[in-house]
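Below is one structure, written out as structure tokens; the observations come after it.
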Amino acid sequence: MIKVRFAPSPTGYLHIGGARTALFNWFYAKSQKGKFVLRIEDTDQQRSKKEYELEILDSMQWLGLDWDEIFYQSKRFDLYRQHAQALLEKGIAYKDGDAILFKMPKRSIKVYDVIRGEIEFDTAHFIALDEQGKPRLGERGEPVLKDEVLIKADGTPAYSFCCVIDDALMGISHVIRGEDHISNTPKQILMYEALGFSAPKFAHLPLIMGEDGGRLSKRTGAVAVSDYRHKGYLPEALVNYLTLLGWSPGNNQEIFSVSSTIKNFSIKKINKAAAVFSLDKLKWINAEYIKAKDVPSLVELLIPRLKENQNRQEPLDKAWLEKIVKLYKKRFPTLVDFLDRTAFIFKEDISIAPELQETLQQSKRAKEFEILVTKLRGIESFDAETIEKDFREVVAALDIKASDLVHPIRIALTGSAVGPGLFETMEVLGKKKTLKRLSQAYA
Ligand code: GLU
């Protein structure tokens, strides 16, 4: 039976690194028809916060990472204390004041890591330091090894110890976690042995670095999953991108579904080398998912954002929104970009940037605009086709090129020099705003 776990500490939000760890565990469980356990490691009562815990659960649900079981370490303190007591009785642990410590033996420990192969550690490196940060020396001048705290002086259990007891008692078959936990592994192996448990298999995932080659920082993308959600990334795009941070199906394919990853997933295919987080790549993937999504679903995703943005309660016209989304579908990498790019449609009046205002004024099309306004005012059904027909008639009558008018019209209507088809844009903008903006352009 394959059983894995994701074990976040609720001392911060769910970040990219944590989400990737959760995802790889989940993929492994799904691919092996195993179980995925969520274990909230809230032993640190000062730093653990309910707000973080709720955000972690919410972000996991949003990403689609469902769990089979959930545990809270804060509810299991008695269990950890009982095991510490048992080690005290066996003479493997000892008491120092109110704390219980594990006596560090001097020996080598081999860890087999499914991704990295065999790693050998020597406990001789676990040296105790004095207050000045210098190695503490024993009677014969030899460095003293650092014993592991199992139960702290305040009675709360230490992370490494709880982790071992839980992984053993929960029947975890594979511990898949970030590379930053490699150094804990030998100490945990010693505890498995001391407690008489057999150790699970270990797989340490590669680090995720920023594009500057350093640790992932806020600037290079280390923000909470919920931030990406607010910025208008789709969960399926984020899942796809996170999967690429250390894994690939092996055929240069970059866009793939969750079900195909479940089918192809194997721990052995996970890279050893660090992964680099690229915001541009994530954005590109998100844009691909938006392009592939059907228009009505996009409209449903956008409605709450539009309402919030416009501070409106009354319902929006879905058929009209579908037209706008269709028109902009290839032009918004995130849902927030949609709001930015189409804001001119929803606003009553727009402001035109000074340099575009200059371009507009220099084109001197006041007379042509007036003629066009008169023509368009006569249209009853204000649709792209009719608008285009009338526009072409005006252009032919004035004996000018269509392109002479398109550019200034676009600026006057949208406040931007680029955008999708002009006649479709006029249609979604509506007759009233179109005529108003054209009339005011040279006023
Ligand atoms: N609670 C630890 C953390 O958030 C994870 C421990 C583990 O996966 O073994 O980093």
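When a ligand or atom number is given, it counts from 1 through the structure's own listing order. Because the structure is a prediction, the values reported are computed rather than measured.
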Pull out every atom of ligand 1 sitting under 4.0 Å from any heavy atom of Cys163, numbered as shown with elements.
9 (O)

Side chains of Arg177 and Thr185: donor-acceptor distance under 3.5 Å anywhere?
yes

Looking only at non-hydrogen atoms, the one of Glu41, Arg5, Gln188 nearest atom 1 (N) of ligand 1 is Glu41

Closest non-hydrogen atoms of Asn184 and Ser160, given as atom of the first, atom of the second and distance, are CB-OG, 4.3 Å

Numbering as shown, the atoms of ligand 1 that approach Ala7 to under 4.0 Å (heavy-atom distance)
1 (N), 2 (C), 3 (C), 4 (O), 5 (C)

Between Phe265 and Trp247, does the ring centre distance come in under 6.0 Å?
yes

With Arg5 as reference, evaluate Asp166, Asp167, Asn25 under the side-chain hydrogen bond (donor to acceptor under 3.5 Å, both in side chains) test and give the passing residue.
Asp167

For Arg215, look at atom CZ and say whether over 12 heavy atoms of other residues, nucleotides or ligands are found less than 6.0 Å away.
no

Residue and atom name of the nearest protein heavy atom (relative to atom 10 (O) of ligand 1), distance in Å to one decimal
His181 NE2, 2.9 Å

At a 4.0 Å threshold, what atoms of ligand 1 neighbour a non-hydrogen atom of Tyr159?
6 (C), 7 (C), 9 (O)

